[in-house]
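Have a look at the structure below, then the notes.
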Amino acid sequence: MTEPIELTLLSESRLDPKPHNGLLTYNPTIELFAGAAGPKTLQIWRSNSQVVTKTSQRDERDSLEALRWKADGQFLAVGWSDGVVRLMGLETNKAVHQMPICEAGKSRITCIGWARNSPGRRSGPTFTSSTAPWEELISHDLFPSGRKAAADLPRELTFLEVETALPKLSPLPVSGGSGDDSFVFTTRSSLEFLFRPFSPHDGDKVDVMIVGTNDGQIHISIYDSFVIGTFKYDLQQPSRNIPLQLCHHASHPDLSTHMLVFKPSEEPKATSLYLVPIDLTFIYSSPENLSLLASKTTTLQKLLRYVKQVETHMMHEWQSTRDLPTRFLNNINRTLRESKNYSEMNIGQAMYHSVVTGHTFPEVREWLVDQLTERGHKRWDKAVVSGLQALRSLIHENFLPALERIGIILSRLLGISRFHESKAETGFTSTQITRVMDIVSCLMLVGNKILLVVMEELELFQSFSIWLRHEIDRLAVSSSTDELTEKEATMEHGKILAYIQQYMPASPLQYYLSKIPADPSEKGRQQAESGSSLLELLTKQLKKQDNGQSDEGIFSQVEFLCGYLEDKANIIFEGIAEAEKRSVRFGQSTALELDSNISKFDVTMSTISDGDTSRALTYTALVTEESESSVYVFRATMGVLNGISGPVTTEVSCMVLGDGKVLDLKFIYADSLLVLWAPKDQPLRIIRIPHKSEDLGYRPYTSGGKITPHVLNNGQVTSALLNFTVPCEPNFVPVKMEVKEARSERGKISPRVCLLGNDLQTYKVFALPEDPFGGAVRN
């Protein structure tokens, strides 16, 4: 007889409010929980009930639809009713990525799956090499234990990170941003989290996210946020077309074929499930640097978002240097026109006259002494100086460093495109990359020009500001003092006149930071597409500006260049996505049909390698509402050749577990199905079923066929199967179970099981003993 093992209670908490629609999940690598605290609020908390973050959408009508942690626990994917999946990072309570999935009101998100795959072919002979980076080989004995270590030098060079030698990107100001990214790049921790260097250890991994909607749409993205595309799956029946919705997703790291689980979307409860393989053959047959390509393009997307926010801040800061002075100058210009004593003279000419002759016109004197005054001068000085200094910092610390990183990534992509120039598998060409690099060079040139202009304007304005304050003080007293005379002697009149002439009426920054109407922008794009190098067009325009010639070209405008860069980069992203999208296909569907509604189910995949062909086994465990003591386990087997799935054969085993009620069931590791079982007048138990064992008596299954169960009494269940008792109060009845395997990425975490009570507020976490799973834990 198998002696029961009592589980150890790790934590217990009370959820308030109740999780909306049972949306509750445990981070796989760290003691963090996430749940829907009501329909409109996402809450993340620690095991001691300390709330880490609580967030909701700006539109109060948006509610949570789905939650899923990434396999490494770094991101939480949150599906909202506005049709957008937002990725929340551990280091920030703001969405670091946003992926539109569907149109709000027309369809809704039903399921999010997130899996990790190992790309590339695995058949044939393999060469085993050292996985230690080349830096470790240099710093240690090159020939440990007398054996020569084989370093994969091409691989190490492929994943060599140059960006780590560059200074870190600086956070953006909290105010002044726009859109959904306005707060994403405002803290050091969020920047470091977003722009983590690519690890060579992740070179053999591709993270795949699959999001399903209730109209049968399947949205696929890789490496956090790089979108592959959207696919539509309809189950074709001879009599009618059955609309389906994704309700579950399963995968195996060594299989590029994933299993999608659909149910009829028109029915709130279903008596049938449909297993549909989806072959992501680009993972199997892609170039070896798929992870590098995906990570670099994703980082490029984030950098473009960062540059867009920097551009918004730059425009805002420059505008702030002009708004207040323009109001002051407009007031005195209006006064001069209304006096009709000076023809067309403006305040610039009047100030130039004052600097040169020392004479001040009466209207200007009144304006300086009675309207502008010392207070107005301070506001003017602060607006211009602080704005120009902020603009200088944005260029020096944010804009140019981001462009340098973009240039490095583009050079990597250029190398990949040239290496695969004769193939269409990358989805982009070296010509496209060169065009984007040309735009980045233009932005670098414009950024440096802006920096020079800002430095000059700041220096000239400081001289002008000192003179302006001196004029206010001089005109406010009846007679000159020695102190005023000394100040006047130290003034740099050349700089004052230069500012009045060149910067006060219209700053040269207008050539770089002005808003661009749609028509000139479109005309500029057509001219840039005509075949001439954009850098050459920009250089000609800058020469005209330096020579004082009038030029209405827009090639020096940051807004135009950033928009053009974004458009050209999107063409590359779409090309990559389209290349991968072409190698996605759906396999043969399998219908699992039962006589009553399915109440609980779980799905897992495993693989058996057989030469060039792999066999993929999909196990589906489920419970129905009418047969609460019965556990059905379906085994679907299919061959996978060159990443393409073949015909499916299905078998089934059914066990009746005494007089107890099956509350929930989940797969853990490769060989265990844990069943939460409540026998009558006995403690709550978790039963381990070895679902791969042939002792379960799998029999061939045809859709709708009769299933003969294996009937066990309570004694047989507890003696034949490994079981755990759950220490809890008699009135604690779980309605949901979640299991997590042992992890060691951030400290050792034992395997655990999480139970949510039927009051939807009591939440208990228990540690599973490692001994029964010792082999799986070690593997």
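Computed from heavy atoms alone, side chains included, the values below leave out hydrogens, waters and symmetry copies.
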Where at least one partner belongs to residues 164-178, residue pairs that pass salt bridge (charged side-chain N to carboxylate O under 4.0 Å, His left out), sequence neighbours excluded: K168-E192
Side chain to side chain contact (heavy atoms under 4.5 Å, CB included) partners of C111, counting only residues at least two apart: L246
Taking every non-hydrogen atom, the tightest pair across G79 and I112: N-CD1, 3.8 Å
N/O donor-acceptor pairs under 3.5 Å from side chains in residues 24-32, not counting sequence neighbours:
residue : atom : partner : partner atom : Å
T25     : OG1  : E738    : OE2          : 3.1
Y26     : OH   : E31     : OE1          : 2.4
Y26     : OH   : E31     : OE2          : 2.9
Y26     : OH   : R752    : NE           : 3.2
N27     : OD1  : T29     : N            : 2.9
N27     : OD1  : T29     : OG1          : 3.2
N27     : OD1  : I30     : N            : 3.3
N27     : ND2  : G73     : O            : 3.0
T29     : OG1  : D72     : O            : 3.1

Residue pairs fulfilling side-chain hydrogen bond (donor to acceptor under 3.5 Å, both in side chains) with at least one residue in residues 384-401, sequence neighbours excluded: Y306-N398
Pairs meeting criterion side-chain hydrogen bond (donor to acceptor under 3.5 Å, both in side chains) with involvement of residues 559-579, two or more places apart: R525-D567, E529-Y564, E529-K568
Geometric class of the H258/H249 ring pair [parallel <30°, tilted 30-60°, perpendicular >60°]: tilted
Test ring pair (Phe, Tyr, Trp, His ring centres under 6.0 Å) applied to Y499 - qualifying residues, sequence neighbours left out: F461, F464
Side chain proximity check, I222 to M209, heavy atoms < 4.5 angstrom: no
Step-by-step side chain to side chain contact (heavy atoms under 4.5 Å, CB included) determination, L329 to M504: CA-CA 9 Å; L329 297 175; M504 191 175 74; 3.8 Å; yes
Derivation and outcome, side chain to side chain contact (heavy atoms under 4.5 Å, CB included), residues D438 and S533: CA-CA 7 Å; D438 192 38; S533 168; 3.3 Å; yes
Nearest heavy-atom neighbours spanning I554 and Q541: N-OE1, 3.6 Å
Partner residues of E65 under the side-chain hydrogen bond (donor to acceptor under 3.5 Å, both in side chains) criterion, sequence neighbours left out: none
Contacts of type ring pair (Phe, Tyr, Trp, His ring centres under 6.0 Å), residue F555, not counting sequence neighbours: F560
Partner set under side-chain hydrogen bond (donor to acceptor under 3.5 Å, both in side chains) for R375, not counting sequence neighbours: none
Any residue meeting side-chain hydrogen bond (donor to acceptor under 3.5 Å, both in side chains) with R305, in chain and number order, not counting sequence neighbours: H97, D181
Considering all heavy atoms, the nearest A71-R743 contact: O-NH2, 3.0 Å
Side chain S81, main chain S63, donor-acceptor under 3.5 Å: yes
Least distance between heavy atoms, T297 atom then L293 atom: OG1-O, 2.8 Å
Residues that D82 engages under salt bridge (Lys or Arg N to Asp or Glu O under 4.0 Å), provided they are two or more places apart: R86
Minimal non-hydrogen separation, V446 against S556, with atom names: CG1-O, 3.5 Å
More than 12 heavy atoms from other groups under 6.0 Å of NZ on K232: yes
Atom of W80, atom of S56 and distance for their closest heavy-atom approach: CH2-CA, 4.1 Å
N21: side-chain hydrogen bond (donor to acceptor under 3.5 Å, both in side chains) partners, not counting sequence neighbours: none
Backbone N/O of M437 and side chain of S441: donor-acceptor pair under 3.5 Å: yes
